[in-house]
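Data block below; observations after.
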Amino acid sequence: MSEPRKIIIDTDPGQDDAVAILLALASPELEVLGITAVAGNVPLALTEKNARKICELAGRTDVPVFAGAVRPLTRRLVTAEHVHGRTGLDGPDLPEPAMKLQDKYAVDFIVETLMGEPDGAVTLCVLGPLTNIALAMIREPAIVSRIREIVLMGGGYFEQGNVTPSAEFNIYVDPQAAEVVFKSGVPIVMMPLDVTHKALTTNARVAAIRDLGTPVGLATAQLLDFFDRYDEQKYGTDGGPLHDPCVIAYLLKPELFSGRHCNVEIETSSELTMGATVVDWWGVTDRPKNALVMRDIDADGFFTLLTERLARL
Ligand code: BDR
Ligand code: CA
């Protein structure tokens, strides 16, 4: 096997973030250099703690966890306890983590890692609002050309929004940060709602994970059972969208996904459509193509990969 791909996971766990972290930690093709927490689904004090809980569940207390931004660049923090529960990780009864939070500020860790690792070696996997990444780019613009790729869950075009009629949660929470990142020139792979709404945690798929019969399989099934309940009611589907693990699955098996290179701009001024991702899918402008925007997923292949990898933990 070739050298594992070096990644930093920037995240706001969140049940689906937790499953994404487990998928990454279970996969030898990836070297998780660190996990950086950001405020999003719940406030930072909970997201950084949840990240540590998940590392402990995976038996990977060697992975450093850092706390980053407590709030978006300019807007007040919007959270999603109605989806994720009071802790952000409601569902399983996970113990309080014993592993320590790193002293270093997450934004410093991102900058120092990108400057210290070889040029083009590090991929950023972004599962929450883009605040930490934008702050790192603002603090040290030299990192921008050193990032191999940013693979992010965010936005929506055909499916529009999930937190407002036009905006997806991660972009809506910090549209100014998203704008910094989408204008940076870094190669971006975007996993929008158009993809994740096709990755449904059906009863049969969750049962296969529960049937692994391991502590990780059981905890993951409990996470998904809790996470499902809101979206099942909202969308009337068997299961809910499993958003964030699509980012990690793309690194492992890009052939599961298809999309096209487009220009993506972020709405940052209209309150009505704040955080909308304006995707030039049909190429009607000459604006530069700044992202590979995914639209389709082989959902069965995705859940097979996920289940097979979780079995390794
Ligand atoms: C995104 O928002 C969060 O609630 C999820 O963790 C995911 O990252 C989906 O819109
Ligand atoms: Ca998330």
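Whatever order the structure lists them in is the order used to number ligands and atoms, beginning at 1. What you see is a predicted model; the values in this text were computed from it and never measured.
Looking only at protein heavy atoms, the nearest one to atom 8 (O) of ligand 1 is D244 OD1, 2.7 Å. Remark: minimum distance from atom 1 (C) of ligand 1 to any protein heavy atom is reached at E168 OE2, 3.3 Å. For atom 6 (O) of ligand 1, the closest non-hydrogen atom on the protein side is D16 OD1, 2.6 Å. Counting protein heavy atoms only, atom 3 (C) of ligand 1 is closest to N41 OD1, 3.1 Å.
At least one N, O or S atom of D244 sits under 3.0 Å from the Ca ion (ligand 2). Metal site remark for the Ca ion (ligand 2): L127 contributes an N, O or S atom at a distance under 3.0 Å.
Taking 4.0 Å as the cut-off between side-chain N and carboxylate O, R5 and E149 count as a salt-bridged pair. Using a cutoff of 4.0 Å between basic side-chain nitrogens and carboxylate oxygens, R52 and E48 are scored as salt-bridged. Taking a cutoff of 4.0 Å between a charged side-chain nitrogen and a carboxylate oxygen, E29 and R309 qualify as a salt bridge. The existence of a salt bridge linking D174 and R71 is excluded, since no basic side-chain nitrogen approaches an acidic carboxylate oxygen closer than 4.0 Å.
In the hydrophobic clustering of ILVMFWY residues, with side-chain heavy atoms under 4.5 Å counting as a link, V63 and V19 come out together. Under a hydrophobic-cluster definition in which Ile, Leu, Val, Met, Phe, Trp and Tyr are linked whenever side-chain heavy atoms come within less than 4.5 Å, directly or via other members, F257 and L252 are assigned to the same cluster. V181 and V111 fall within the same hydrophobic cluster, where Ile, Leu, Val, Met, Phe, Trp and Tyr residues are linked whenever their side-chain heavy atoms come under 4.5 Å apart, directly or through other members.
Within D12, the N, O or S atom lying nearest to the Ca ion (ligand 2) carries the name OD1.
H197 has its ring centre less than 6.0 Å from the ring centre of Y235.
The D17 neighbourhood of ligand 1 comprises atoms 6 (O), with distances under 4.0 Å to a heavy atom of that residue. Which parts of ligand 1 touch N162 is read off a 4.0 Å heavy-atom cut-off, strictly below it: atoms 9 (C), 10 (O). Which parts of ligand 1 touch H84 is read off a 4.0 Å heavy-atom cut-off, strictly below it: atoms 3 (C), 4 (O), 6 (O). Close approach of ligand 1 to L127 is summarised as follows: ligand atoms under 4.0 Å from at least one heavy atom of the residue are 8 (O).
Polar contact with ligand 1: present for N170 (N/O pair, distance under 3.5 Å).
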